[in-house]
Amino acid sequence: MTTTRQITYREALSEAMAQEMRRDPSVFVYGIDVADHKRIFGSSNGLVEEFGDQRCFSTPLSEDAMTGFGLGAALTGMRPVHVHMRVDFMLLAMNQIVNMLSSHYYGSGGTTPVPMVIRAVVGRGWGQSFQHNKTLHSWLAHIPGLKVVTPSTPRDAKGMLVSAIRDDNPVIFIEHRWFYDAVGEVPEGDGAEPLNGCRVLRPGKDITIVATSWMTVEALQAADVLARRGITAEVIDARTIAPFDVSEVVTSVQKSGHCIVVDNDWVHCGFGAEVAAQVYDHCYGSLKSPVTRLGFVPAPCPCTRPLENAFYTGATEIIRCVEEKLGLDQSDLSGENFFSYENKFKGPF
Amino acid sequence: MTTTRQITYREALSEAMAQEMRRDPSVFVYGIDVADHKRIFGSSNGLVEEFGDQRCFSTPLSEDAMTGFGLGAALTGMRPVHVHMRVDFMLLAMNQIVNMLSSHYYGSGGTTPVPMVIRAVVGRGWGQSFQHNKTLHSWLAHIPGLKVVTPSTPRDAKGMLVSAIRDDNPVIFIEHRWFYDAVGEVPEGDGAEPLNGCRVLRPGKDITIVATSWMTVEALQAADVLARRGITAEVIDARTIAPFDVSEVVTSVQKSGHCIVVDNDWVHCGFGAEVAAQVYDHCYGSLKSPVTRLGFVPAPCPCTRPLENAFYTGATEIIRCVEEKLGLDQSDLSGENFFSYENKFKGPF
Amino acid sequence: MSAQALNRDLYRTVYLIRRAEEAIKENYLDDEMKTPMHMSMGAEAIAAGVCQALDRHDPVLGTYRSHGLYLAKTGESDRFFAEMYGRDTGMAQGKAGSMHLSAPEEGLIGTSAIVASNIPVALGAAFSHKQRNTGRVTAVFFGDGAIDEGVFWESLNSASLMKLPVLFVCEDNGYAVHIPAEQRHGYSDIAEVVSRFDCGVHRSESTDAEVIYTLTRDALADMSATGRPQFLHLKYYRYLEHVGVFEDFKAGYRPRDAFEPWLERDPVKVQREKVVGLLGEEAVAALEAEIDQQVAKSLEFAKQSPFPARSAVVEDVLA
Amino acid sequence: MSAQALNRDLYRTVYLIRRAEEAIKENYLDDEMKTPMHMSMGAEAIAAGVCQALDRHDPVLGTYRSHGLYLAKTGESDRFFAEMYGRDTGMAQGKAGSMHLSAPEEGLIGTSAIVASNIPVALGAAFSHKQRNTGRVTAVFFGDGAIDEGVFWESLNSASLMKLPVLFVCEDNGYAVHIPAEQRHGYSDIAEVVSRFDCGVHRSESTDAEVIYTLTRDALADMSATGRPQFLHLKYYRYLEHVGVFEDFKAGYRPRDAFEPWLERDPVKVQREKVVGLLGEEAVAALEAEIDQQVAKSLEFAKQSPFPARSAVVEDVLA
Ligand SMILES: Cc1ncc(C[n+]2csc(CCOP(=O)(O)OP(=O)(O)O)c2C)c(N)n1
Ligand SMILES: Cc1ncc(C[n+]2csc(CCOP(=O)(O)OP(=O)(O)O)c2C)c(N)n1
Ligand SMILES: [Mg+2]
Ligand SMILES: [Mg+2]
């Protein structure tokens, strides 16, 4: 029997890396600021101490070269984990990721796989603004040859990172900064979680809410509020953006007849469109309303709080959407204490 | 009355740039190999001769810096046109395009627009393979603050390039290499075409085919074949991927009840999903079959011809799809002479 | 310009920068400036000296650490503080915040939170001015971390090749976040490397704004004589943590010892002593009082200003 | 190794490369090799000399212009030609074509059609071997165009910083497609610039494979003595057009005159003369006959081989 305990998402990440580094000497972790005293918001704590500065190290500010570096290491027997403090910085590495990593295995006639993980953190809040808030999971999912995951619980953070490190393909591992303090049950042992399929976070029968990344938290909060009115929403964490398996969503929508996709990203040409298209394809006859897509408003992310709040979607918008779909009056949400930046981080950045 | 004449897509591109450079001294054209004797497959012919090497010049192989260079010029009164011989090389410029160009206007509080055009050519055929065939229009369309167009006729090549140059926003202008020899009617004068809306290339009532870029040619060929069986397909060129206006598609699907989206790109998380989701939303009651998405097979593009042929979708697949949707027997296509690389380019690359 | 006037101007600038950042420190814990603060305390002489040497409307570009640059370039603080407070009266309606200050009408084209990303932008601005023979020089400010990035080298190469009137201003505090230059640089002396390009090189470790001013004038003279871009390698000490308003010696990545000699020659102190010598204590105190008041008023202005309307979130996405 | 054996090996390699590319020229117009051909005629001494100096299994990486590198590294031509013909028996089942040759079991990790993109990949391979103390050196071949790209500089910096056993091999033909170095480089001498990094620098304009071999040995000795990466700056003349199998002097961007002196010291001719001196005409003719036959057989093998099954298009996307 596996014992579990409550740990944070942050701890789950370090634990996954430490566990795999212990198991396999070819695993190493690197990136800008990875080995400084802050350790990427604490998510690589303990690694330098245990494994030394050859297996966990900070690099020059050279995202492009350092991604190619990982590829070269991966092609010669190592299992690199490259870390970006913000998804936005990964834009400097797009040539390596898309032109090189994604196609190397194919282009080598299946001789040389690329066992590399790229962890990238999504920023949000405290005026991070438009150069520190991108998510880009739909971009990378669009490219064959890459796996893309967006774990939303400590359990998945650990288990999917373990599996990502063991996987022989390039895996883009996208973490939302706000999850880092989240606490949850995580198995003590191996804990590997498959890199495919969604996860039903909360069962329900009246409506299906498919969410990615931080939007799972918003969806769960919305579901809580709705539950008090007797509405049960099934909340599904999409979790694996590529390769994406829609079957759990389909099962749920066939039961509920309603579907909302809440993506932690912009809507146009995003992952939400993919989910919507697939749900429509599979549930055509059983849908009682069109699939609704929610996400960021179509703008760069602004700095100032009132606009930042307007930019992001959340529990309130989800509740309103459900009410509309089910033909319910708008409930009074003034007493609700939804998630906000201040709930998570106290004081200045 | 505007006179038109038949010119090639290639000529239309040079003509648009020359016309705007004559009209406005702030326009200039630059990029790797832009001013060598091949002039980007002839698409910038005549510019050096007429405007000199300060307004049409080749640059060092520095896509990232040269994109920032364009931004700086655009912010200080110029209207740069930056050219990439392949869309794939633009991956090196993603940081500038996405972190800088797309949000500068917004981030400056609406004070400083970014009138810049980025032309990028899609490669295909003769074993170009996986580093020379990407299209990425869905990627860029996903980012607020960018306009993305994929003209498919000489008329649109000229007219949309004219408008792109005049536009105060960053416009990503994606050209398929195979169009360059295509001949069509182009107005002699100004010829500006709006950077929004689709274009109905062929009217029809039995099925709606929405196509992007080269797929418009395949769709038109499919429509020809289908017409001989009495099936009229409405072929719509999506043309403006962002901001995308679905209304013409909706009108058509409401009439036909069937919709195929043929995207010149991979399917997962692509523009096809966006079109499908929007069509479903707007035509829910009137659809007689699910929206079908066609595109590249989910793999990097292989070199060898038989696999390259398998990789791309085309008229045959479209016809089969229509037949299936309309419940028709498969027609004999053995006598058809569909488009192939050899029809376009004779001899080696 | 007389030594008096020059040094008075320089003091006005370094003092304004210092005072404004002190005001940020004093008010930041109220949690009303909801934007990440990258403070420039210790670097005042650079922004002041370089901007003084430039023509007022010469284009400049900077990073997320550009409070000093904004204030040196504009001299104003109303729109500055309003932006920090996220108000509609900020220079970008609060959309930009501390990391994206701009003042295009004064030449501050933009500042970016992506390391090195404005370096090539400077080339384009320089090209544009060169084409139109405006005689303007474009200056771009960046840290020692930025020279790790490939785009710095692409830009250095292209500016040298194209003989663009670009002034590269490397504000070298020896660290990128917490990683020292020795752990990031595969050479011992960046100025040595850069000097092998077709680019002038000038260096200083001075905290004296006048020294920086003179060095910049020399560089600009070199530029107009040779047509070559110029590279200023300027060392300084970052007083506070990478981001935030506190000291961070406890973190252990850099010793407080190293700070002391820099603090002795604090740029504001150095410049103050000089202007007191030139103009007398009284005149200096009056200037300081004037600036104190400007900052106090701006803070008040900012706090009283309204937030932008919610609808502004989707405005100005496209022009 | 005796001078005889060494020079015989070198001649085998340069002759094989030349013969294979001549076979491509002879057959390309049949339109059966449906892949863009970037020919290396004129550069044979570089691939031959450098690979000879490396250990057989040392990792190497190259560009779209890597026929020579593949043949120097593997000595085989069956899978080579089969790949050119897009056949299932090609080293990548025809998925790669001319621009993406690889032979991981022989150390040729990969070749890329994106300029400069394999340079950082070499660093990772070098790191990986350094960690495991294999003593292997990783060599990466690239053109003079690649040094325009930022990633070259990032890689040079990091390799110098991390003291990685990387051999940077710059095959400088003075052009990137049709644009000469003078129109792309903001410095007069790349070796001068690189020498300011913590990296050894060696240069040559020789077409003598033995000279390149010796230079490479020197560089490797320097590397093992100092732990520093090494940069070889090697000039050569590209005989044919950028892509394709023809000469292109008519295009006018480079004069035929410049070609003549290079042709006089053609690498195959130079090496042939030397081995004839060492081994006699007869032995050389026998070696040539052997290679001619190898190439003829490989061509036949390729043409006879089946294409991959259509289903292969979606195979090996994920491991
Ligand atoms: C491309 C990129 N990579 C990483 C970061 C994260 N980051 C922000 S500031 C910084 C350090 C920059 O150091 P330097 O250029 O020396 O400027 P300083 O902060 O010392 O003024 C880093 C790594 C970033 N903003 N952009
Ligand atoms: C990043 C990138 N930009 C542009 C190109 C188009 N391109 C292909 S080869 C080449 C020239 C490269 O010159 P060089 O490195 O000197 O190699 P050579 O062809 O001379 O061997 C260019 C610009 C490319 N393949 N990749
Ligand atoms: Mg620094
Ligand atoms: Mg070259």
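Letters A, B, ... mirror the listed sequences (proteins, then strands); counts begin at 1.
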Heavy-atom neighbours of A:E324 CD exceed 12 at 6.0 Å: no

Pairing of C:E300 and C:K297 as salt bridge, 4.0 angstrom limit: no

Check against ring pair (Phe, Tyr, Trp, His ring centres under 6.0 Å), A:F69 and A:Y30: CA-CA 10 Å; A:F69 176 96; A:Y30 73 110; 5.4 Å; yes

Spatial distance of atom CG (A:L333) from atom CD1 (A:I319) [nearest 0.5 Å]: 4.5 Å

Among C:D148, C:V151, C:V177, residue most engaged with chain A (heavy-atom pairs, under 4.5 Å): C:D148

Check ion pair C:R19-C:E26 (N to O, under 4.0 angstrom): yes

Proximity breakdown for A:F89 and chain C, heavy-atom pairs closer than 4.5 Å: side chain

Chain A contact via C:M84 - which portion, at a heavy-atom distance below 4.5 Å: neither

Interface moiety of C:H100 toward chain A, non-hydrogen atoms closer than 4.5 Å: side chain

Heavy-atom pair count under 4.5 Å with chain C, highest-scoring of A:A310, A:P300, A:A299: A:A310

Close aromatic pair by centroid cut-off 6.0 Å: C:H242 and C:Y175: no

Heavy-atom contact with chain C under 4.5 Å, split by part of A:L92: side chain

For chain A, the option from C:I179, C:V245, C:D316 that forms the most heavy-atom pairs under 4.5 Å: C:I179

Neighbours of chain A found in residues 90-98 of chain C - heavy atoms under 4.5 Å: C:Q93, C:G94, C:K95, C:A96, C:G97

Per-residue contact mode, A:S62 against chain C (heavy atom under 4.5 angstrom): both

What donor-acceptor contacts under 3.5 angstrom involve side-chain atoms of residues 305-315 of chain C, with partners at least two apart or in another chain?
unit_1: C:S305; atom_1: OG; unit_2: C:T89; atom_2: OG1; d: 2.8
unit_1: C:S305; atom_1: OG; unit_2: C:F301; atom_2: O; d: 2.7

Electrostatic pair C:R254-C:D248, nearest N-O below 4.0 angstrom: yes

Greatest number of heavy atom pairs closer than 4.5 Å to chain C - which of A:A65, A:P60, A:A35: A:P60

Winner by heavy-atom pair count (cut-off under 4.5 Å) against chain A, out of C:L318, C:I147, C:V317: C:V317

Parallel, tilted or perpendicular: ring planes of C:Y253 versus C:H178, cut at 30 and 60 degrees: perpendicular

Carboxylate-amine/guanidinium contact C:R79 C:E106, below 4.0 Å: no

Minimal non-hydrogen separation, C:A103 against C:T74, with atom names: CB-CG2, 3.6 Å

Chain C contact via A:E63 - side chain, backbone, both or neither, heavy atoms under 4.5 Å: both

Salt bridge present between A:R320 and A:E323 (N-O < 4.0 angstrom): yes

Option that, when pairs with chain A are counted at under 4.5 Å, heavy atom only, ranks first among C:M99, C:Q183, C:R184: C:R184

